[in-house]
Amino acid sequence: MKVLLIAESREGKLLNSCYELMAFAEKMAAETAMFLVGSDSALPQYGGKLYLADVSAAGEYNPDGHKQLILDVVAKEQPDMVVFSHSSYGWDLAPRVAFALQAAQISEVVDVAGSTMVVPVCNAKLRRDVAPKTAKTVVTLQAGAFGLAEVPSAAPVVEKLTSQSGGKIEFTGYEQAESGGVDLGKAKIIVSAGRGIGKPENVAMIADLAKALGGEYGASRPVVDSEWVEHNRQVGTTGQTVAPKLYVACGISGAIQHLAGMKKSEFIVAVNTDKDAPIGDVADVLVVADLKQFVPALTAKIQAL
Amino acid sequence: MKILVCIKQVPDMESKFKVDAGGTWYAKTDLAWRMNEYDEYAVEQAVQLKEQVKDADLTVLCIGSEKVKETMKKALAMGCDRGAHIADEEADKKEPFQIAGIIAEYAKEKNFDLIFTGMQSQDRGSGQVGILVAEMLGMPGITTVVHFAYKDGVIEAKRELEGGVKACVKVAAPAVITCQLGLNTPRYPTLPNIMKAKKKELLSVPAADLLKVESRQDTAKMYFPEKKGGGLVLEGDPAALVDQLIKILKEKTAVLG
Ligand SMILES: Cc1cc2nc3c(=O)[nH]c(=O)nc-3n(C[C@H](O)[C@H](O)[C@H](O)COP(=O)(O)OP(=O)(O)OC[C@H]3O[C@@H](n4cnc5c(N)ncnc54)[C@H](O)[C@@H]3O)c2cc1C
Ligand SMILES: Nc1ncnc2c1ncn2[C@@H]1O[C@H](COP(=O)(O)O)[C@@H](O)[C@H]1O
């Protein structure tokens with residue numbers, strides 16, 4: 001078994017996720033090669049062969065160009081599997097590579113058993129074992145599912161790739177997240193509102209509980225997308241990563257992208273009407289209740305302490 | 001301008017799921033069904049584009065059982081002009097490559113200027129169909145779009161990356177756009193528009209007529225994950241729950257002083 005690992009870099013920095021790809025390869029006991037569009041000055045600690053395309057020529061976002069580079073490496077290395085992170089880079093590129101290779105793609109793999117891949121279904125309420133039917137397979141790995149490989153203090157054997165410019169999509173630059181406002185990263189206690197709050201007026205009851213506990217309030221993405229709460233309070237992969245002493249998730253189902261932002265919290269309480277909500281997997285205490293009754297009652301009791 | 005938007009009907013994620021008798025998918029009985037959340041943004045963007053360019057024809061496509069027509073009617077009431085129902089009682093057993101193959105086959109000689117899809121379906125969640133359609137049709141595809149603008153045949157879009165950073169991209173139509181949460185605010189169909197939608201064209205074609213590609217993967221098994229963590233579950237009267245939780249917070253954390 002040979003796997004080609006697709007590392008990523010952004011704004012000149014190598015992303016740590018390459019060590020997750022390496023952990024996956026270790027678990028598969030596979031021979032590896034790695035591919036990176038990046039630069040000489042930010043190489044992974046990796047003992048194997050690294051195919052490096054210089055980002056100044058290949059561009060940070062150029063799916064047509066990156067696809068072609070990967071296909072060239074695949075032609076040379078003949079891997080059985082091409083492995084991406086299930087990230088904005090990976091889920092964009094993986095289907096393009098899979099289509100070109102006429103290979104099965106299995107997305108968001110969380111575990112492996114032989115050649116069978118395990119993936120989540122229905123907001124992680126269910127799991128599915130998937131078996132590819134093609135000789136080559138393309139997979140994307142859920143962030144965090146395989147841990148980080150122990151970082152070897154090795155330098156890769158670099159083989160440089162030359163890239164053709166062009167491609168149909170023009171990348172014109174990054175737009176940074178707005179900064180300023182609250183810094184949830186500093187809060188010791190965070191109470192977060194999810195879609196289960198139902199309407200914008202109910203943000204107040206979440207903020208009240210946060211205040212009674214001496215903390216800050218946060219929110220899941222739908223609450224931010226609906227503009228009920230500002231973006232700098234969003235917890236998750238596309239918001240803040242937090243690890244307070246206490247995190248109270250109110251009306252939040254526990255999607256992986258939310259969990260990624262809060263699961264390192266010391267103590268997690270979830271308030272949810274659905275006993276099977278995936279947030280129950282990370283919660284120390286799951287209170288099965290309607291938050292509209294429970295939260296104000298809890299706030300009142302705490303204020304009276 | 002010709003626009004296509006692809007939608008999927010999915011169960012409400014708060015449903016109580018069961019594995020079906022075959023053991024490879026969830027049972028379809030006793031579930032509440034709705035439009036895939038990501039696809040609501042796709043439909044809204046397609047309708048907004050049609051409103052902007054005025055001279056446009058907007059088709060909504062859905063592969064699925066007879067039942068998916070309910071969800072298609074919502075898209076028609078939101079402003080799509082016509083519905084292309086690809087009839088397939090077994091659609092949930094089809095893998096992304098086949099779903100994309102059917103869509104590409106349908107779209108092949110129709111010269112759509114823009115095709116909108118969701119970035120992923122909430123149940124299967126493969127996040128593949130949109131880009132596969134783009135590759136199959138030889139069109140550029142942009143994923144995870146949270147901002148979309150169209151002017152004189154050129155699309156300016158923002159892709160959302162991790163940590164709230166966005167990548168700004170430009171591409172000339174025709175193109176495929178996969179829509180991320182928060183792209184816009186999907187409208188609620190009004191009653192008059194719901195009535196009007198009833199008269200709109202909604203034609204069914206058998207999926208078999210369009211399916212030209214083979215499946216590349218099989219689901220061996222579907223099951224519930226083992227409960228990890230083993231956290232405490234509190235149920236019962238809310239007032240009593242409040243006292244129980246306060247007691248736990250006092251014992252296990254230092255937050256209540
Ligand atoms: C690329 C990408 C990035 C993302 N980034 C983020 C991110 O950074 N942060 C994030 O949060 N999400 C993110 N998401 C979205 C994520 O996948 C989920 O859609 C989102 O987290 C769901 O939010 P929610 O739990 O509030 O809503 P839902 O999933 O709709 O859950 C609502 C919950 O409320 C419960 N509920 C309903 N009524 C009540 C009541 N009265 N009392 C108590 N409970 C109730 C329900 O049982 C349910 O569990 C991202 C998605 C993608 C694809
Ligand atoms: N059965 C279907 N009918 C029409 N469009 C679909 C279907 N399944 C998936 N799609 C489209 O493809 C997108 C991505 O789905 P997926 O690759 O399954 O995550 C969805 O958001 C829809 O826009």
Side-chain angles (χ1 to χ4, degrees), chain A residues 61 87-88 91-92 95-96 99 104-108 116 120-123 125-134 168-177 189 213 221-222 225 231 237-239 245-246 253 267 269 274-275 280-289 293-294 297-298 301 305, chain B residues 11 13-14 16-17 26 96-97 122-128 131-132 135-136 140 142-144 158-171 181-182 215-225 227-229 231-235 238-239 241-242 245-246 248 252-256:
Chain A
Y61 181 71
S87 60
S88 58
W91 66 61
D92 184 85
R96 305 180 200 265
F99 178 73
Q105 181 189 332
I106 303 174
S107 304
E108 210 183 350
T116 308
V121 191
C122 292
N123 197 6
K125 282 193 163 179
L126 287 151
R127 292 261 188 289
R128 201 158 62 90
D129 287 353
V130 189
K133 293 198 276 192
T134 50
K168 292 179 198 147
I169 303 170
E170 185 192 346
F171 169 55
T172 58
Y174 292 109
E175 186 179 290
Q176 299 301 330
I189 296 167
L213 285 165
R221 175 163 187 148
D225 284 339
H231 182 264
T237 34
T238 46
K245 289 193 184 316
L246 174 65
S253 63
F267 199 82
V269 175
D274 179 3
K275 196 180 167 180
D281 286 348
V282 300
D284 296 284
V285 182
L286 169 64
V287 180
V288 183
Q293 294 174 340
F294 182 81
L298 178 63
K301 265 275 161 73
L305 283 180
Chain B
M13 293 301 136
E14 283 158 40
K16 192 116 193 106
F17 288 98
Y26 54 78
F97 196 78
Q122 286 174 282
D123 54 353
R124 192 176 270 273
S126 76
Q128 295 176 28
I131 287 297
L132 286 176
E135 294 290 309
M136 287 170 178
I142 304 181
T143 53
T144 337
K158 290 179 191 164
R159 298 186 64 231
E160 185 182 51
L161 314 179
E162 289 72 18
V165 181
K166 294 174 189 127
C168 306
V169 299
K170 230 187 221 179
V171 71
L181 306 171
S215 143
R216 312 213 146 158
Q217 51 186 284
D218 280 331
T219 300
K221 193 167 123 199
M222 184 174 282
Y223 51 95
F224 287 93
K227 285 269 169 219
K228 25 173 196 211
L232 199 59
V233 178
L234 302 181
E235 285 179 279
L241 293 178
V242 167
L245 181 62
I246 288 183
I248 294 168
K252 300 270 171 72
T253 73
V255 301
L256 289 179

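Just so it is clear: chains get the letters A, B, ... in the order the sequence lines come, proteins before strands, and each one is counted from 1.
Only the side chain of A/R221 comes within contact range of chain B, with at least one heavy atom under 4.5 Å from a heavy atom of that chain. Heavy-atom distances place both the backbone and the side chain of B/Y223 under 4.5 Å from chain A. Both the backbone and the side chain of B/L181 come within contact range of chain A, each with at least one heavy atom under 4.5 Å from a heavy atom of that chain. For a residue to count as touching a neighbouring chain, one of its non-hydrogen atoms must lie under 4.5 Å from one of that chain's; by this rule B/F224 touches chain A with backbone and side chain alike. Of the atoms belonging to B/L245, it is side-chain heavy atoms, and not backbone ones, that fall under 4.5 Å from chain A. Heavy atoms closer than 4.5 Å to chain B are found in both the backbone and the side chain of A/Y174. Of the two parts of A/T172, the backbone and the side chain both hold a non-hydrogen atom closer than 4.5 Å to a non-hydrogen atom of chain B. Heavy-atom distances place both the backbone and the side chain of A/I169 under 4.5 Å from chain B. Both the backbone and the side chain of A/F294 come within contact range of chain B, with heavy atoms under 4.5 Å apart.
Side-chain contact between A/N123 and B/Q122 is absent, with no heavy-atom pair separated by less than 4.5 Å. The shortest side-chain heavy-atom distance between B/I246 and A/L298 falls under the 4.5 Å cut-off. Proximity of B/P96 to A/Q105: side-chain heavy atoms (C-beta onward) are nowhere separated by under 4.5 Å. In this structure, B/V233 and A/V288 have side chains that are in contact, with non-hydrogen atoms separated by less than 4.5 Å.
Annotation: the span from A/W91 atom CH2 to B/T144 atom OG1 amounts to 5.5 Å, rounded to 0.5 Å. One distance of note links OG1 of A/T116 with CD of B/Q217; it measures 12.0 Å at 0.5 Å rounding. If you take CG on A/D92 and CD1 on B/I142, they are separated by 9.0 Å, rounding to the nearest 0.5 Å. Annotation: the span from B/C168 atom SG to A/F171 atom CZ amounts to 7.5 Å, rounded to 0.5 Å. To the nearest 0.5 Å, the span separating CG on A/L246 from NZ on B/K252 amounts to 13.0 Å. With rounding to the nearest 0.5 Å, the separation of CG in A/L126 from NZ in B/K221 is 12.5 Å.
Residues B/V165 and A/Q176 share a closest heavy-atom pair of CG2-OE1, 3.7 Å. Minimum interatomic distance between A/S107 and B/G125 (heavy atoms only, all atoms of both residues): CB-O, 4.4 Å. When all heavy atoms are compared, the tightest approach of B/I131 to A/P95 is CG2-CB, 3.6 Å.
Here A/T238 is the residue among A/V287, A/T237, A/T238, A/V121 with the most heavy-atom pairs under 4.5 Å with chain B. Per-residue counts of heavy-atom pairs under 4.5 Å with chain B were compared for A/A131, A/A297, A/P120; the largest is that of A/A131. Residue with the most contacts toward chain A among B/R124, B/E160, B/K16: B/E160 (heavy-atom pairs, distance under 4.5 Å). Counting heavy-atom pairs under 4.5 Å between each of B/K158, B/E135, B/E235, B/E14 and chain A puts B/E135 at the top. Note: A/R96 leads A/R96, A/K301, A/Q293, A/H231 in heavy-atom pairs under 4.5 Å with chain B. Counting heavy-atom pairs closer than 4.5 Å to chain A, the top residue among B/P225, B/G182, B/S215, B/P238 is B/P225.
A donor and an acceptor atom, one from each side chain of B/E162 and A/S88, are located under 3.5 Å apart. Using a 3.5 Å distance cut-off with no hydrogens or angles, the side chains of B/T219 and A/R128 do pair a donor with an acceptor. Checking A/K245 against B/T253 by side-chain atom types alone, no donor-acceptor pair falls below 3.5 Å.
Counting heavy atoms of neighbouring residues, nucleotides and ligands inside a 6.0 Å radius, atom NZ of A/K275 does not exceed 12 of them.
Remark: the backbone N or O of B/M13 is paired with a side-chain donor or acceptor of A/K125 at under 3.5 angstrom.
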